[in-house]
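As structure tokens, the structure follows; a few thoughts come after it.
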Amino acid sequence: MGCCSSTESKRDWKPLEDRSCTDIPWLIVFSLFCIGMLCICGFAIATGGASRIVLGYDSYGNTCGRNNSKIEGVPLSGGDMTEKKYVFFLDPCNLDLINRKIKSIALCVSKCPATELQTYNDVKQFALSNGSYLCSYDISATRYPSHSERGTKCPKLPVPPSKAVLFLHRCLPVDIGCYAEFAQAFITFISDNTMLRRVVAGVMASKEIIMGLCVLALVLSLIMMVVVRYISKVLVWILTVLVIIGSIGGCAVLWWLYADHRKALSTNTTTVFGKEVASDNVKALLISAICATIFTVVLLLVMFILRKRVALTISLFHVAGKVFIHLPLLVLQPFWTFLCLMLFWVYWIAVLLFLGTAVKNNSTGVVEYEMKGPLQYMVWYHAVGLIWISEFILAFQQMTIAGGVVTYYFTRNKSQLPATPLLSSMIRTVRYHLGSLAKGSLIITIVKIPRLILTYIHTQLKGKENACARCMLKACICCLWCLEKCLAYLNQNAYTATAINSTSFCTSARDAFLILVENALRVAAINTVGDFVLFLAKILVVSCTAFAGILALNYQREYTVWVLPLIIVCVFAFLVAHCFLSVFENVVDVLFLCFAVDTKYNDGSPGHEYYMDKSLMEFVEDRSRVERRAYGGSGGGCPFSRGASPAPLRTLA
């Protein structure tokens, strides 16, 4: 089961042959873990947590809308609440910001007060006319105005009008102004309540514009996926020129400033203190200029070395555009992945809330629900499940994309592609490779959990620990983050290798790692140039959406605060662009691994024809001509060949 226990010998890659199940033991482990998650959910439901969250409960352990059993030590428990289906809080505006709850006695009532009740006589009349008793169960309605404990057992006056929250059966005030303190605890950067009201009013008034701009961001992201294919060559070279000009210009400016300050220092007639300051500035400029020069030289050398690899990035972008034409369902990948994640997160939050009301504590005469004892371990188990299953869903998307692209690449006659290659890949993944996904996602989870724990500790100790401890914590968090990103990249390529060869996760990771090491310079070029081009595409989508938002809001002059609507739109635009263009990035990475395998085990000779697209063939032919000229026209072979002599390059694609 371990990564180091693989006994498979080194062998040639055999695309789309000998499909078999992989990593079955890890699929069993993952299945048992999911069964444990379901058992936790069953425990929360069996102990009444689900019904208490959905139907509501009072401060005495009674579930509203049900006939309850007696709880020892709680005199007001065990009431028949069949007709009392709503939870009413005596003081709904008394908020406990630390524990994030309403600090008030809760009662089950048959109806929420729809109008404001000014006096206890009004509360009495409301109870007698509607049968909805708003004071404690041990006080009769006729005694509301005169009872000695009405200040603690009856609602705080005046009683604000309220209505029941849909599906949750809680009476909450119609005017949410009493929650201003709660809102201000989260929005600490706003101290002017008038400003806050204007911002919120502007968002509500411009909600149609916000929705329209979000749709625009979605459309622009789809267009950008098509456009990148055609403008990638121009965009890459423009970017290269801008980087060269910017780096050389920055160095020149620093050296000019150094020379100017040095000249001024030699003629400076100010005080000794002024000369010391000027001298320090000259030294700082000299150090900055030297560092910038070294950085620029290294950058230019790297760009010079990678200049020929940029052509491969452009070719891969072009082929990726063709992949989206043959696999149109790729566009829907972000939608179904987001839907699956949202459904799982809603389930996870619901179970967590159920667990929060699973264990009673009735030592004070009222019932409170706490997470303690074995329940805490369930919560930790549940938290691990959040990370592992979320990573599993993301891994399933990567494997599905990899399977579809691999099928496209290694099918010589594109007219013989399956009717829906992506659905075929999805079915193949479910049938054969769920174990590999479970293992890969578990590795990411094992790395992510310590990072999240250290991040939490760092947040809790902020301002309390010394500088050394703070630095060590940040260093550990940074190292774990880097390790997580490296493993995520290797995982993605391991899934591609599994989709090609149907090998186990560790064997696929080893094979993919060896291929990537053999093509290290190409990997560097694709991950630098390609990722930056896609980043620019994301920025372009955000910029266009923001520009359209400014124009739209300009015609609504009554909206005096545009900041929050524009921020909402820009954040949404970036997330949408990232979701769609990350799929494009995944396709490019899969194509590169397929290309690397293709050029390693094929040379274009009869019997070893290339699978690649014509645009990639042109890249290989150009590289072959360069190599033949370098070897004087004879004796050298194709740089991607299996060691054979030069042969005419062929492809059946």
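All values below were derived from every heavy atom in this structure, side-chain atoms included, with hydrogens, water molecules and symmetry-related copies excluded. FYI, the numbering just counts along the sequence from 1.
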For this session: Go through the steps to decide whether L375 and M378 satisfy the test side-chain contact (heavy atoms from CB on, under 4.5 Å), and finish with yes or no.
Result: CA-CA 5 Å; L375 193 61; M378 292 186 183; 4.0 Å; yes

Note: T400 and S425 closest approach over all heavy atoms is O-OG, 2.8 Å

CE (M37) and NE2 (H382) are apart, to the nearest 0.5 Å, by 5.0 Å

In short, side chain to side chain donor-acceptor pair (under 3.5 Å) pairs touching residues 386-395 with sequence neighbours left out are W345-S390, W388-S441, E391-K448

Ignoring hydrogens and angles, write down the donor-acceptor pairs under 3.5 Å from the side chains of residues 567-585, residues two or more places apart or on other chains.
unit_1: H578; atom_1: ND1; unit_2: K538; atom_2: NZ; d: 2.9
unit_1: S582; atom_1: OG; unit_2: H578; atom_2: O; d: 2.8
unit_1: S582; atom_1: OG; unit_2: C579; atom_2: O; d: 2.8

- request: Using the side-chain contact (heavy atoms from CB on, under 4.5 Å) rule, take K439 and F30 through it: C-alpha gap first, then chi angles, then the decisive distance, then the call.
  value: CA-CA 8 Å; K439 189 172 186 178; F30 181 71; over 6 Å; no

Discussion item. Looking only at the aromatic ring of each residue, does the gap between the centers of F354 and F43 stay below 6.0 angstrom?
Written reply: no

With sequence neighbours left out, the residues meeting ring pair (Phe, Tyr, Trp, His ring centres under 6.0 Å) with F592 are none

| query | Can you tell if the side chain of L434 reaches within under 4.5 Å of the side chain of F392, non-hydrogen atoms only? | reply | yes

Compare all side-chain heavy atoms of L483 with those of C479 and state whether any distance is below 4.5 angstrom.
no

Rounded to the nearest 0.5 Å, the OH atom of Y432 sits from the OG1 atom of T498 at a distance of 14.5 Å

### Residue pair D598, Y409: steps toward the side chain to side chain donor-acceptor pair (under 3.5 Å) verdict
CA-CA 10 Å; D598 193 11; Y409 189 98; 3.0 Å; yes

Sequence neighbours excluded, the answer for disulfide bond (SG atoms under 2.5 Å apart) partners of C594 is none

CE (M426) and CG (L329) are apart, to the nearest 0.5 Å, by 8.0 Å

Worksheet entry | Side-chain donor-acceptor pair present, N586, Q398, cut-off under 3.5 Å | no

Separation between CZ (F344) and CD1 (I393), nearest 0.5 Å, reads 6.5 Å

Sorted by chain and number, sequence neighbours left out, salt bridge (charged side-chain N to carboxylate O under 4.0 Å, His left out) with R170 holds for none

Between F505 and the options T22, L437, I443, the side chain to side chain contact (heavy atoms under 4.5 Å, CB included) test singles out I443

Value for OG (S221) from CG (L216), rounded to nearest 0.5 Å, stands at 9.0 Å

Rounded to the nearest 0.5 Å, the CD1 atom of I349 sits from the CD1 atom of I53 at a distance of 12.5 Å

In short, side chain to side chain donor-acceptor pair (under 3.5 Å) pairs touching residues 328-338 with sequence neighbours left out are Q333-W336, T337-Q397

message: Any donor-acceptor pair under 3.5 Å linking the side-chain atoms of T503 with those of S508?
response: yes

- Task: Give the intermediate values and the outcome of side chain to side chain donor-acceptor pair (under 3.5 Å) for residues S436 and D23.
- Result: CA-CA 5 Å; S436 297; D23 297 298; 2.6 Å; yes

